[in-house]
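Scroll down for the structure; my scribbles are underneath it.
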Amino acid sequence: MDKDRIDISMANDLGELPEVAGRIDAFCAAADVETGVAYAVNLALDELLTNIVSYGYRDEDAHRIEIAVRRDGGALIVTIVDDSIEFDPRQVPETDTDAPLHERDPGGLGLLLVNSMMDSVDYRREDGRNVTVLTKGPAAD
């Protein structure tokens, strides 16, 4: 296993998420990535991949989602490339987190979490594919 990078290809199948998380955990442990960084990245990835698989495809065909996780010092840089419908995860719908649950519109909290936990979330549409790049560094001392 390369200690500075892991590439994962998964199908658009929620059943593959535990294997992806396990591989990232193993990579982070081998690369000596801070536990909090590894946890935040896996949580953000779970949310984004779940959204891609659950809402991104308008057909029942098999699709591949490519994930690259790269260590850069103590930081992790994660790139997700998929061919689902165009979606910018930085465009979080307004969510009134102070409103009672029964008055809130469903959705949006996971993306709010992703954007607040990561140091940066970048997005571009390239050749009919979504390219999302997450960056998470160690906590400042």
Side-chain angles (χ1 to χ4, degrees), residues 1-101 103-141:
M1 176 187 293
D2 184 338
K3 71 177 187 88
D4 291 320
R5 181 182 174 109
I6 186 172
D7 293 293
I8 302 169
S9 180
M10 69 171 275
N12 55 321
D13 178 350
L14 293 176
E16 292 198 18
L17 291 178
E19 181 183 341
V20 170
R23 289 187 62 195
I24 291 170
D25 282 342
F27 166 78
C28 289
D32 202 27
V33 172
E34 185 179 293
T35 304
V37 172
Y39 174 79
V41 164
N42 242 340
L43 187 62
L45 260 175
D46 184 75
E47 178 62 32
L48 291 174
L49 293 172
T50 297
N51 283 350
I52 292 166
V53 172
S54 299
Y55 309 114
Y57 297 103
R58 294 189 171 129
D59 58 36
E60 299 297 320
D61 296 345
H63 296 269
R64 300 303 299 171
I65 301 166
E66 306 299 328
I67 304 143
V69 182
R70 177 173 58 89
R71 185 177 71 141
D72 184 7
L76 287 181
I77 301 167
V78 180
T79 304
I80 306 165
V81 179
D82 66 83
D83 65 345
S84 70
I85 60 172
E86 186 171 354
F87 181 74
D88 184 344
R90 299 171 302 178
Q91 305 302 314
V92 180
E94 286 295 318
T95 303
D96 183 359
T97 56
D98 293 325
L101 282 175
E103 293 179 10
R104 293 185 200 174
D105 291 331
L109 290 178
L111 292 175
L112 186 65
L113 179 72
V114 168
N115 284 284
S116 67
M117 288 183 71
M118 295 295 103
D119 294 334
S120 69
V121 177
D122 294 308
Y123 171 83
R124 67 184 181 276
R125 185 79 175 173
E126 191 173 276
D127 298 326
R129 298 168 70 82
N130 297 304
V131 180
T132 304
V133 180
L134 310 173
T135 303
K136 179 65 177 176
D141 293 329

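Using a 4.5 Å heavy-atom threshold, the side chains of I65 and I80 count as touching. Side-chain contact between F87 and T132 is absent, with no heavy atoms from C-beta onward closer than 4.5 Å. Contact check for M10 versus L49: side-chain heavy atoms found under the 4.5 Å cut-off. Residues L111 and L48 meet the side-chain proximity criterion, which asks for heavy atoms closer than 4.5 Å. Taking the side chain as every heavy atom from C-beta outward, Y55 and T50 never approach each other to under 4.5 Å. Using a 4.5 Å cut-off on side-chain heavy atoms (C-beta onward), R129 and D82 make no contact. A 4.5 Å side-chain heavy-atom check between Y123 and E86 finds at least one atom pair inside the cut-off.
A44 and L134 make their closest contact through CB-CD1, 4.2 Å (heavy atoms, listed as atom of the first residue, atom of the second, distance). Annotation for A38 and V33: closest pair N-CG1, 4.1 Å, computed over non-hydrogen atoms. Shortest non-hydrogen contact noted between E34 and P138 is OE1-CB, 3.3 Å. Residues L14 and S54 come closest through the heavy atom pair CD1-OG, 3.9 Å. Counting all heavy atoms, side chain and backbone alike, N115 lies closest to P89 at ND2-O, 2.9 Å. In terms of heavy atoms, G137 sits closest to V37 at O-CG2, 3.4 Å.
Of the inter-residue distances, the one linking M118 atom CE with I77 atom CD1 reads 12.0 Å to the nearest 0.5 angstrom. Here CG of N42 is found 12.0 Å from CZ of R23. Values are rounded to the nearest 0.5 Å. Rounding to the nearest 0.5 Å places CD of E19 at 10.5 Å from CG of D13. Between atom CD1 of residue I8 and atom CZ of residue R64 there is a gap of 11.5 Å, rounded to the nearest 0.5 Å. Rounding to the nearest 0.5 Å places CD1 of I6 at 8.5 Å from SG of C28. We find the CZ-CG distance between R5 and L76 to be 12.5 Å, quoted to the nearest 0.5 Å.
For the pair R125 (side chain) and G128 (backbone), a donor-acceptor distance under 3.5 Å is present. Judged by distance alone, the side chain of E66 and the main-chain N or O of V81 form no donor-acceptor pair under 3.5 Å. In this structure, R58 contributes its side chain and I85 its backbone to no donor-acceptor pair below 3.5 Å.
D61 CG: more than 12 foreign heavy atoms inside a 6.0 Å radius. By the 6.0 Å contact criterion, CG on D127 is open, its count of non-hydrogen atoms from other residues, nucleotides or ligands being 12 or less.
In this structure, R90 pairs ionically with D88, as a charged nitrogen and a carboxylate oxygen lie closer than 4.0 Å. A salt bridge is absent between D122 and R124: the closest approach of a Lys/Arg side-chain nitrogen to an acidic carboxylate oxygen does not fall below 4.0 angstrom.
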